[in-house]
Protein chains: 2
Amino acid sequence: MKRADRLFQIVNFLQGRRMAVTAERIADEFDISMRTVYRDIRDLITTGVPINGEAGVGYMLDKSYYLPPMTFDVEELEVLMLGAAMVSSWTDKDMSVSARTLIKKVRNALSERDRETFEGIALFAPPSRARLPWAINFSDLRKAVRKKEKLILDYADEQGRATERTIRPLSLVFMGPVWMMLGWCELRSDFRNFRLDRMQKVTHTGELFEDTPETALQTYLDSMGICDGLKL
Amino acid sequence: MKRADRLFQIVNFLQGRRMAVTAERIADEFDISMRTVYRDIRDLITTGVPINGEAGVGYMLDKSYYLPPMTFDVEELEVLMLGAAMVSSWTDKDMSVSARTLIKKVRNALSERDRETFEGIALFAPPSRARLPWAINFSDLRKAVRKKEKLILDYADEQGRATERTIRPLSLVFMGPVWMMLGWCELRSDFRNFRLDRMQKVTHTGELFEDTPETALQTYLDSMGICDGLKL
DNA sequence: CACTATCCTGACAATTTTTGTCAGTATGCT
DNA sequence: AGCATACTGACAAAAATTGTCAGGATAGTG
């Protein structure tokens, strides 16, 4: 089991690096010869790990997440499939595509026999009347949450008055058919929820923020008495 | 890579069997000695596969699904997390628990560094006003879809009239804040959608059904012109 | 262009891991 | 008690992995 283990660790070693890594560097790290590194990389690639090698440069791993073998029970796998299907129907094009890829990947990994079990378990028809159109892009918001990038929001409030605010995006909240973004509003110096369907325009500032005790997501959750039940 | 492969196949071999399988049987199947089987099983168990061995009986695998190592990109993993969170908030207690377990399992499989990326991406507050209470159990329906078990439904239609029908549950559909069950209604000999919040009682008949060309999910989808966009 | 840094491959012996054999113990079932 | 089976340790046999060496190929650079 030594080799299988090392393969996993090599991926980990490659993960999250900006610069290419040479075979020599890897050989050094794991105390193996370069020849073995080449063999390991070859095997990783054939099992689907997106490593790119370039002569004269080194190895780069596409930004990806390598999960070790895992066992799920039927419920967990059903959550995965159901969840991906919900996301596919209720977010935007980009995520919908990813959701489908995810479902396909997982389905393909199952045995023939098991695949049927998860046929048609869930199906989703987001009724157009319930789903208000967005002027903005869901994925942009998601990325901003992930990167902790401040956004400038052109927003129409409940009375339809347009405002422009700088916010720190903290989380996305799904309320029935409506998506909201929870953010720290720099104008009001407080937490605010913004409906995605009321956002007119989102401008990326490129400016990143750090969580402070006052502006962190956890603070908001605590203040709302949300401890575990709803928080992810 | 031969061993790692065989380990995976052994799990597959064990999967979906009612009777215990002896080491001898496995040894035979894979052309290896029993000693090796014992070693393989030991290693599988230490990597978390839920195999139970009993002296005098053989091996049994808890009903579970073993996924091989897989790579996901950031979007796919986000779909997984987001989806599980949605399921956790929008279904019932049982699935909610499974969703949390799923999220924990996947998080634990990620490296320290990556774990942070998926912190607080999404958070869900199912507003109680939008979520109508159910008299029945979501998980029961899910299981019936999976098993293809006919159900007897006490249902209140739009005018509030109570009816009792035998249906073949085909799929669960999430429409905004409302869940529906799509089924083939034996009373009307046609497809019908039933809102979960209008179901008064669900009786399990124990009777299983086979899809026929007339009653299959695919037929319904085709008739609705749903081809790919919404189907899972 | 030549040069460097690197990826990549084949062959084969050295090394390490896996496997089989054997001998024995432990445990659940009838 | 007797049987069927899981399980373990020791050690030699077999197989896989690894290192070494001797190349070839290719991207980037002066």
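The structure presented is a predicted model; accordingly, all values stated were derived computationally and were not measured. Within every chain, numbering begins at 1; the chains are lettered A, B, ... in the order of the sequence lines, protein sequences first and strands thereafter. Just the heavy atoms: all of them, side chains too, but no hydrogens, waters or symmetry mates, feed the values below.
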- Atom-pair distance (CZ on A/Arg35; P on D/dA16), nearest Å: 17 Å

- Is the A/Tyr155-A/Phe194 ring centre distance short of 6.0 angstrom? yes

- Message: For a quick check of understanding: with a heavy-atom distance under 4.0 Å over all strands, which category does B/Arg42 fall into, base, sugar-phosphate or nothing?
- Response: nothing

- Query: For B/Ser88 and B/Ser96, does a side-chain donor sit closer than 3.5 Å to a side-chain acceptor?
  - Reply: yes

- Item | Residues B/Lys201, B/Glu164; criterion salt bridge (charged side-chain N to carboxylate O under 4.0 Å, His left out); working and verdict | CA-CA 9 Å; B/Lys201 193 169 144 228; B/Glu164 188 185 294; over 6 Å; no

- Closest to side chain of A/Thr22, choosing from C/dT17, C/dT6, C/dT19: C/dT6

- Want to settle it: does A/Arg39 or A/Ile45 sit nearer the 5' end of DNA chain C, counting the closest nucleotide to each? A/Ile45

- Any side-chain N or O of B/Ser33 less than 4.0 Å from the OP1 or OP2 oxygen of C/dG20? yes

- Task: Carefully, step by step, assess B/Thr36 and B/Ser33 under the rule side-chain hydrogen bond (donor to acceptor under 3.5 Å, both in side chains).
- Result: CA-CA 5 Å; B/Thr36 300; B/Ser33 68; 3.2 Å; yes

- In whole Å, what is the span from the CE atom of B/Met60 to the C1' atom of D/dT5? 15 Å

- Query: Taking CD from A/Glu24 and C1' from C/dC8, how many angstroms apart are they, rounded to a whole number?
  - Reply: 15 Å

Output one line per pair: protein atom, nucleotide atom from nucleotides 27-30 of chain D, and distance, for all N/O pairs under 3.5 Å.
residue: D/dA27; atom: O4'; partner: A/Ala55; partner atom: O; Å: 3.4

- Note on the structure: Regarding the side chain of B/Tyr38, the nearest nucleotide among C/dT19, C/dC8, D/dC7 is D/dC7

- Item | Distance, rounded to the nearest Å, where B/Ile26 contributes CD1 and D/dT5 contributes C1' | 12 Å

- Query: In whole Å, what is the span from the CG atom of B/Asp28 to the C1' atom of C/dT19?
  - Reply: 16 Å

- Message: Looking at every heavy atom in both B/Ser139 and B/Met95, which two are closest together, and how far apart are they?
- Response: OG-CG, 4.1 Å

- Note on the structure: Closest of C/dT19, C/dT6, D/dA6 to the B/Met34 side chain is D/dA6

- Given atom CE of B/Met19 and atom C1' of C/dC29, what is their separation to the nearest angstrom? 13 Å

- Atom-pair distance (NZ on A/Lys2; P on D/dT17), nearest Å: 12 Å

- Mapping A/Val37 and B/Val21 onto DNA chain D by nearest heavy atom, which one lands closer to the 5' end? B/Val21

- Item | Donor-acceptor pair between A/Thr101 and A/Ser98 side chains, under 3.5 angstrom | no

- Task: Check the pair A/Asp114, A/Ser111 against side-chain hydrogen bond (donor to acceptor under 3.5 Å, both in side chains), reporting the backbone distance first and the verdict last.
- Result: CA-CA 5 Å; A/Asp114 295 333; A/Ser111 69; 3.1 Å; yes

- Rounded to whole angstrom units, what separation is found between the CZ atom of B/Phe30 and the C1' atom of C/dT19? 16 Å

- Side chain of B/Arg3 (C-beta onward), nearest among C/dC8, C/dT18, D/dC7: C/dT18

- Message: For a quick check of understanding: with a heavy-atom distance under 4.0 Å over all strands, which category does A/Arg6 fall into, base, sugar-phosphate or nothing?
- Response: sugar-phosphate

